[in-house]
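Report on the structure given below.
Just so you know, these numbers come straight off a predicted model, no measurement behind them. Heads up: numbering here begins at 1 and tracks the sequence.
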Amino acid sequence: PGVMSYSDFVHLLISEQDKCTSTAIRFWFRILDVDGDGYVGVSDLRWLHDEQAERAAAYEYPVTPLEDHICLLCDILQPEVPA
C-alpha cells in the first residue's frame, strides 16, 4: 500500500492508454475489486466514489451521489439481481 512497483507502473501506463485489451480489463478490475472477492460490488464502488468525491470537493466540483451511479450501472448492465 502506498507504493507502486515498476511492473505495476508499466501495467498502469498500458492500461490507461488502451482500456479495451484483456490486460487493461484485468488491471482495472483488480483496482476496482477492493475487497478481493472476485466481484465489483457496491462496497467496492463506495470506496472509489468516496475517494473521488473527496478530491472533487477539494476543488469545489459537484459530486454525483453514489446511488445515481449505481442506478446508471444497473440500467447499462441489466443484472439478473439488481443492486
Side-chain angles (χ1 to χ4, degrees):
V3 186
M4 183 180 290
S5 71
Y6 178 76
S7 176
D8 289 339
F9 179 70
V10 170
H11 276 98
L12 173 65
L13 290 179
I14 292 169
S15 298
E16 181 59 27
Q17 292 298 315
D18 186 359
K19 295 175 185 75
C20 295
T21 66
S22 60
T23 300
I25 292 168
R26 281 191 304 275
F27 176 84
W28 288 112
F29 185 87
R30 284 194 336 259
I31 296 294
L32 292 175
D33 183 17
V34 177
D35 57 15
D37 66 355
Y39 299 94
V40 176
V42 174
S43 63
D44 300 309
L45 295 175
R46 185 173 314 285
W47 171 83
L48 175 67
H49 178 271
D50 293 349
E51 287 288 318
Q52 296 307 310
E54 188 176 310
R55 289 188 176 117
Y59 290 100
E60 299 180 2
Y61 292 142
V63 176
T64 303
L66 174 62
E67 292 73 21
D68 290 357
H69 290 292
I70 292 171
C71 285
L72 178 63
L73 285 171
C74 285
D75 288 345
I76 293 169
L77 300 173
Q78 299 178 351
E80 290 181 26
V81 180

Value rounded to 0.5 Å, distance of [atom1] in [X] from [atom2] in [Y]:
X	Y	atom1	atom2	value
Gln17	Cys20	CD	SG	12.5 Å
Leu73	Asp68	CG	CG	11.0 Å
Gln52	Thr64	CD	OG1	12.0 Å
Cys74	Ile76	SG	CD1	10.0 Å
Asp75	Ile70	CG	CD1	12.0 Å

Heavy-atom pair of closest approach, residues [X] and [Y]:
X	Y	answer
Leu66	His49	N-NE2, 3.4 Å
Val63	Ala56	CG2-CB, 3.9 Å
Ser5	Asp8	OG-N, 3.1 Å

Self-check item: Set of side chain to side chain donor-acceptor pair (under 3.5 Å) partners for Ser22, sequence neighbours left out
Solution: none
Exercise. May I ask you to check whether over 12 heavy atoms, not counting those of Glu51, lie within 6.0 Å of atom CD?
Key: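 Result for CD/Glu51: enclosed.
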Return all side-chain donor-acceptor pairs below 3.5 angstrom for residues 27-40, not counting sequence neighbours, or 'none' if the list is empty.
unit_1	atom_1	unit_2	atom_2	d
Trp28	NE1	Ser15	O	3.3
Asp33	OD1	Gly36	N	3.3
Asp33	OD1	Asp37	N	3.3
Asp33	OD2	Asp37	N	3.4
Asp33	OD2	Gly38	N	2.8
Asp35	OD1	Asp37	N	3.2
Asp37	OD1	Tyr39	N	2.9

Quiz prompt | Other ILVMFWY residues reachable from Tyr59 by side-chain steps of under 4.5 Å | solution = Tyr61
